[in-house]
Amino acid sequence: MIFEYVKLCNFGAYKGEHRVELGVTPERPIVLIGALNGSGKTTFLDAMQLALYGKGAHCSGRERVSYPEYLESMINRDAPPEEGAEIEFAFLARASGQDMHIRVVRAWKKRGENVKEIFEVFRNGELDSVASERWIEFVEDFMPAQIAELFFFDGEKIEALADPQRSAALLRVGIHSLLGIDLVESLQRSLQQIERKRKTNTASESDKVELQIIEAELNEAHQFLERGLMRRASAQNDLDSLEKEQAILFSEFNRIGGGLLVNRERLLLDELQLRAKKKSLEDELRMLAASALPLMIPSRVLEIAVQKAKTAKKAGNAEILRSEAEVRDATIEKFVKSLGIERESLVKLRRHLEEDRVQRYPVITEVSLISGESLDQFSTEATEAMSRLAMNALASLADVDEELHSTERNLAAVPEEEDVAKVQKKMAECAANLARSEAVIKLLDDEILTLRYKLDRLKGQADREAERLGERLTRDEVAQRVINHSSRAREVLASFGDRLLSNNLSRLETSILTCFRRLIRKTTLVDRISIQPESFRISVTNAAGQQIAASRLSAGERQLLAVATLWALAHASGRALPAVIDTPLSRLDSKHRGSLVENYFPIASHQVILLSTDEEVVGLYQEQLAPFVSRHYLIEHDEAKNTSCFTTGYFPNNAVELKV
């Protein structure tokens, strides 16, 4: 199997379309992809697994949410909602004795509260509807989901497998699924089915009536289910075609201005309201212009004028007081004269009172005719308040003018109804057909679900009836002989399974030891690897013959043992599959990194995809891998476009100098 390319569209951090070529040569089996943390390395790894396995994929963060929620979360947040996301994954694989180019396309988008997913498989460029419908079965021929973790893994998984308990679980799954134990168990189940069939075949026709009725119903249900699945696939094709047609009609509708026609009444109402608002603002500005606001232009002159007006007003008040004082002084003079004071003294008194009036109430010729209320409107506070009102009104008027011009342009662009009517009619017909198609699919889904429940029920009834007949008729000599042989065969298979497990464990122990010795620098550290058949725990025997639990190795040695275990299981699978490794060195100390770079990556598989940070495969490690690398990529985040993207190249070779 060879990965050819991956194309991402609005997936995770990748906005828009991004295509990554992955082809390699036998001499250069490595594709080296560099990226900083958070730029999209793990997202790229998840994309390949999601394309292959859908809801069965082991993607990062997938275990915490449902599959539809995960799909929705992986749609790029800046992508148009109607576009959704899509992954296209192409690879070369061998099937039915022939090499063929296979391309899987998994696309989804949000529709209301639900997520709509479409999956298609193309073989040698042709759509394969059967493979598309039953891909879960087909993908097992290329890369079974149970062994995917052996070929898609990251530094965190290596660190996790360094835990002896987790590595034991992996060994259990690996041995049963890869090394033939599952096949033995499947043969045992098949023999049990044969025994049940032989028991029922010896029954008389009258005894088998009930079972025959159940089997007839079972066959009929199978036929109905097959027809229902075919109708469901056909209905889905019709729905997909209608959705494409709807998208085309919607684009045409917008192109000719249909959206503006639909909103014409609202645009007319907006225009009316904006014109009324504009008139109100203009009236407000006219009122301000008719008030004291224009006098703010010569503000210093206005200030002086107001001051003089206030002074004049004060002078007018002094004149009134002086008149009152004259009346008062005349009264005083008359009173003093009545007292018989000498004329000379009376003259002195009159002169003194006159001087006092002049001093107290000086004569000012300017007299103000402006009232206090009128002067108040020219105060600094009043003029500043009018200025603010005017500025706000002008700003609002500018905004209204802009909105009004935009509305008028949209109204001018509104097409005639007859120009849009044909497209609207087609859109209405398409929407009606789409609704009918969705309703048909819903009914078919309900029907298929009911048939599946019925099949399960009938299968259970058939098994119970066959068992009942078998209990009555096992005295039949031929049937008993077959049943006995089958029973002994199952016993042999059980024994064979035990022997197979023992032999495979021995072979796997040797393979893990060989891989571990290639990676570890201390060649004398390990003399033998042992796997306990009951618990599948790994232990190490040193050169002195002492058995050491894997948990007693150093952290770096346990991690290399985990890599050796993955490596050995991958070889034991007998499948030529690419290896995809994310952050391969992040959990290893510098002492053990060189061993992986030099002894593992170049020969881990015929195609190795490494995703590294700028602190891993750089400097000396990059130079050591250079002769084995076919392609270099760098994942960078484009701030201007707000997306991560792939560029040809890698981190500068002298970015970080590391020593092994």
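Ion pairing of Asp128 with Arg123 is present here, as a side-chain N (NZ or NE/NH1/NH2) and a carboxylate O approach within less than 4.0 Å. Under a 4.0 Å N-O distance rule, the pair Arg19/Glu21 qualifies as a salt bridge.
Every salt bridge (Lys or Arg N to Asp or Glu O under 4.0 Å) that Glu137 has, sequence neighbours left out, goes to Arg134. Scanning for side chain to side chain contact (heavy atoms under 4.5 Å, CB included) contacts around Thr514 gives Thr510, Arg518, with sequence neighbours left out. Residues satisfying the salt bridge (Lys or Arg N to Asp or Glu O under 4.0 Å) criterion with Glu72, sequence neighbours excluded, are Lys110. In terms of the ring pair (Phe, Tyr, Trp, His ring centres under 6.0 Å) criterion, residue partners of Tyr600 (sequence neighbours excluded) are, by chain and number, Trp567. By the side chain to side chain contact (heavy atoms under 4.5 Å, CB included) test, Ala51 pairs with Ile87, Phe89, Val104, sequence neighbours left out. Contacts of Glu83 classified as side-chain hydrogen bond (donor to acceptor under 3.5 Å, both in side chains), with partners at least two apart in sequence or in another chain: Asn10. Take Leu92 and apply the side chain to side chain contact (heavy atoms under 4.5 Å, CB included) test, not counting sequence neighbours, and it matches Ile2, Glu4, Asp99, His101. For Pro627, the side chain to side chain contact (heavy atoms under 4.5 Å, CB included) criterion is met by no residue, not counting sequence neighbours. Taking the salt bridge (Lys or Arg N to Asp or Glu O under 4.0 Å) definition, one finds that Arg528 meets it with nothing, sequence neighbours left out. For Asn76, the side-chain hydrogen bond (donor to acceptor under 3.5 Å, both in side chains) test picks out no residue, with sequence neighbours left out.
Counting only heavy atoms from C-beta outward, the side chains of Lys244 and Gln246 never approach each other to under 4.5 Å. No side-chain heavy atom of Ile118 sits less than 4.5 Å from a side-chain heavy atom of Trp108.
Looking at Thr643 and Asp638, their side chains never bring a donor and an acceptor atom within 3.5 Å of each other. With no hydrogens or angles considered, a side-chain donor-acceptor pair links Glu117 and Tyr67 at under 3.5 Å.
Residue pairs meeting the side chain to side chain donor-acceptor pair (under 3.5 Å) criterion with at least one member in residues 22-35, sequence neighbours excluded, do not occur. Annotation: ring pair (Phe, Tyr, Trp, His ring centres under 6.0 Å) contacts involving residues 16-50, sequence neighbours excluded, comprise Tyr14-His18, Phe44-Phe646.
Taking all atoms of both residues into account, the shortest heavy-atom contact from Gly23 to Ser630 is O-CB, 4.2 Å.
Formation of a donor-acceptor pair under 3.5 Å by the Arg106 side chain with backbone atoms of Leu50 is found in this model.
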